[in-house]
Peer 1: 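Got a structure for you, questions after.
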2 protein chains.
Amino acid sequence: MPMKPTDRKTEIINVAARLFKEKGYSAVTVRDIAQAMNIKAASLYNHIQSKQEILVLIVITIAEEFTTVMEEVQQSEASAIAKIERIIQLHIDITLRNPDALACLNNDWMHLEQEADLKYFLKMRTDYEENFRQIVKEGVRNGEIQHHNPEVIIFSILSTLRTLYLWYNKTKSLSENTLRNDMRNVLLNGITINAR
Amino acid sequence: MPMKPTDRKTEIINVAARLFKEKGYSAVTVRDIAQAMNIKAASLYNHIQSKQEILVLIVITIAEEFTTVMEEVQQSEASAIAKIERIIQLHIDITLRNPDALACLNNDWMHLEQEADLKYFLKMRTDYEENFRQIVKEGVRNGEIQHHNPEVIIFSILSTLRTLYLWYNKTKSLSENTLRNDMRNVLLNGITINAR
DNA sequence: ATCGTAAACTAACAATTGTTAGTTAAATTA
DNA sequence: TAATTTAACTAACAATTGTTAGTTTACGAT
């Protein structure tokens, strides 16, 4: 009864995610992954079933994490702005914890080969955006949020949060608290001073 | 003296850009590109030198376009906010005109194989961000822009503008004017109503 | 000590990749 | 009309791809 049954597998997945982040799933060969682990390519197959399995595990795991929290948020009694604040912090959390997997989710989901995997992922993604849309619309309705096109609002906030992993390196000069606080302010209140 | 010396080549580049957008440079084969043009793969080489040449032409052309306009903006006498407004419109312009090439620029620049090409691209990108940074800092200094971390401001705006191509399809319900206007307002003034 | 298993290895495969050589048909120019 | 160019084709190549088979090594449990 081993204590860490899939430890080596997890290592492979983490190394692969880092490589996928840099060059994308298609440009990374199983030999690249093996070399990064100082083993031969064939040895990987003692732990994984296929290169594709690695991608599935990376993408689906993170997607499910987002889905779980979004469902909590949606069912809460908080105001629309408070809900969006919670979503902003969720994205920052996951970005700080696992930027590589997040890059993979963003850039390589279309390389999911099994139709079931792709469908499952796309449903989670669509539902996530739809939940976000409902929150924005609710906020506009009850006067918390300015009367702009909801699509523009959703996409403006989500695209920033989704690509945060790209800037994580550069923001090492930046403290986590400043990131969390300023990001929230910029996304919610904008950057201008006049009219305020 | 042909009127359109590289017409067929341009077709190839446009078709390739569309495919690159969907699957990424590495996952698209020259046979895919040929099939999309209803010819055989070998026939492509009557017009192009290599698959890599296609990528270079797509990426460098768009990058130079951004660079040219950014240099104009930087040298103008406009206010910081007016400069940022101009940059927002620039991104929307190019996104509406050539979303495929823009996707390629964003996702596939790391597959530039020649060191000279990669260096040239990265210099343009770094300079672009540095110019943006100077505009933001100037705006903070003279009281146009709120006192947040400049990196957060830059990245929040740029990441939205750079991934606009991802949402272009969905915003077909949206008029171009609404997009331009609401995008400007959301990015500059945020979305909240209170405190205003 | 021995057994069993985990995890590495070498060697090889079939398929796919970007690309080249050489050819042919159609269109343009002289 | 003859000559030349454009742009397609077929066939093939060498390299790289993900993956499998079969083997070896090290180590914890019996």
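Letters go in sequence order (proteins before strands), and every chain restarts at 1.
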Peer 1: Distance check needed: C:dA7 P versus A:Asn38 CG, whole Å only.
Peer 2: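 Distance check: A:Asn38 CG to C:dA7 P gives 17 Å.
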Peer 1: Does one side chain, of A:Tyr120 or A:Glu64, offer a donor that lies under 3.5 Å from an acceptor on the other?
Peer 2: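 Yes, because at least one side-chain N or O of A:Tyr120 sits under 3.5 Å from a partner of the opposite role on A:Glu64.
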Peer 1: Could you name each residue pair satisfying salt bridge (charged side-chain N to carboxylate O under 4.0 Å, His left out) that touches residues 37-46 of chain A, not counting sequence neighbours?
Peer 2: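 As it turns out, there is no salt bridge (charged side-chain N to carboxylate O under 4.0 Å, His left out) pair with a partner in residues 37-46 of chain A once direct neighbours are skipped.
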Peer 1: Donor-acceptor pairs under 3.5 Å, side chain of residues 15-24 of chain A to any protein atom, not counting sequence neighbours: which ones?
Peer 2:
none

Peer 1: Residues in salt bridge (Lys or Arg N to Asp or Glu O under 4.0 Å) with A:Lys123, at least two apart?
Peer 2: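 Salt bridge (Lys or Arg N to Asp or Glu O under 4.0 Å) list for A:Lys123, sorted by chain: A:Asp127.
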Peer 1: Looking only at side-chain atoms of B:Ala41, point me to the closest of D:dC9, D:dA8, C:dT19.
Peer 2: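 Taking heavy atoms from C-beta onward, the closest nucleotide is C:dT19.
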Peer 1: In chain order, what residues pass the salt bridge (Lys or Arg N to Asp or Glu O under 4.0 Å) check against A:Arg97, with sequence neighbours excluded?
Peer 2: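 Once residues adjacent in sequence are excluded, the partners of A:Arg97 under the salt bridge (Lys or Arg N to Asp or Glu O under 4.0 Å) criterion are A:Glu65.
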Peer 1: Check DNA chain D against residues 16-33 of chain B and give the residues with a non-hydrogen atom under 4.0 Å, in numerical order.
Peer 2: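 Close to the strand are B:Arg31.
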Peer 1: Identify each donor-acceptor pair in which a side-chain atom of residues 77-84 of chain A lies under 3.5 Å from a protein atom, sequence neighbours left out, and give them as a table.
Peer 2:
| from | atom 1 | to | atom 2 | distance (Å) |
| --- | --- | --- | --- | --- |
| A:Ser79 | OG | A:Ala82 | N | 3.1 |
| A:Ser79 | OG | A:Glu144 | OE1 | 3.3 |

Peer 1: Testing the 3.5 Å rule here: is there a donor-acceptor pair between the side chains of B:Gln134 and B:Glu130?
Peer 2: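 There is such a pair between these side chains.
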Peer 1: Check the distance between C:dT10's P and A:Lys40's NZ and give it to me in whole angstrom.
Peer 2: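 Interatomic distance, NZ of A:Lys40 to P of C:dT10: 5 Å.
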Peer 1: Salt bridge (Lys or Arg N to Asp or Glu O under 4.0 Å) with B:Asp117: which residues, sequence neighbours excluded?
Peer 2: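 So B:Asp117 forms no salt bridge (Lys or Arg N to Asp or Glu O under 4.0 Å) with any residue.
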Peer 1: May I have all residue pairs that pass ring-ring contact (aromatic ring centres under 6.0 Å, His included) and include part of residues 66-91 of chain B, sequence neighbours excluded?
Peer 2: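 Passing the test, one end in residues 66-91 of chain B: B:Phe66-B:His91, B:Phe66-B:Tyr128, B:His91-B:Tyr128.
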Peer 1: Which parts of residues 105-119 of chain A get close to DNA chain C, meaning a heavy atom less than 4.0 angstrom away?
Peer 2: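 Heavy-atom cutoff 4.0 Å gives no residues at all.
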Peer 1: With sequence neighbours left out, what residues match A:Thr160 under side chain to side chain donor-acceptor pair (under 3.5 Å)?
Peer 2: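 A:Thr160 satisfies side chain to side chain donor-acceptor pair (under 3.5 Å) with B:Ser159, B:Thr160 once adjacent residues are dropped.
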Peer 1: Roughly how many Å is it from CG in B:Asp7 to P in D:dA8, rounded to a whole number?
Peer 2: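 Roughly 12 Å, once rounded to whole Å.
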Peer 1: Looking at DNA chain D, which of residues 42-56 of chain B put a heavy atom within less than 4.0 Å of it?
Peer 2: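 Result for residues 42-56 of chain B: B:Ala42, B:Ser43, B:Asn46, B:His47, sorted by number.
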Peer 1: Taking NZ from A:Lys9 and P from C:dA7, how many angstroms apart are they, rounded to a whole number?
Peer 2: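 My rounded result for the distance is 12 Å.
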Peer 1: Would you list the atom pairs, donor with acceptor, under 3.5 Å between side chains in residues 46-60 of chain A and any protein atom, with sequence neighbours excluded?
Peer 2:
| from | atom 1 | to | atom 2 | distance (Å) |
| --- | --- | --- | --- | --- |
| A:Ser50 | OG | A:Gln52 | N | 3.4 |
| A:Ser50 | OG | A:Glu53 | N | 3.1 |
| A:Lys51 | NZ | A:Tyr25 | O | 3.0 |
| A:Lys51 | NZ | A:Val28 | O | 2.8 |
| A:Gln52 | OE1 | A:Glu113 | N | 2.7 |
| A:Gln52 | NE2 | A:Tyr25 | OH | 3.1 |
| A:Gln52 | NE2 | A:His111 | O | 3.2 |
| A:Gln52 | NE2 | A:Glu113 | OE2 | 3.3 |
| A:Glu53 | OE1 | A:Gln49 | N | 2.7 |
| A:Glu53 | OE2 | A:Lys9 | NZ | 2.8 |

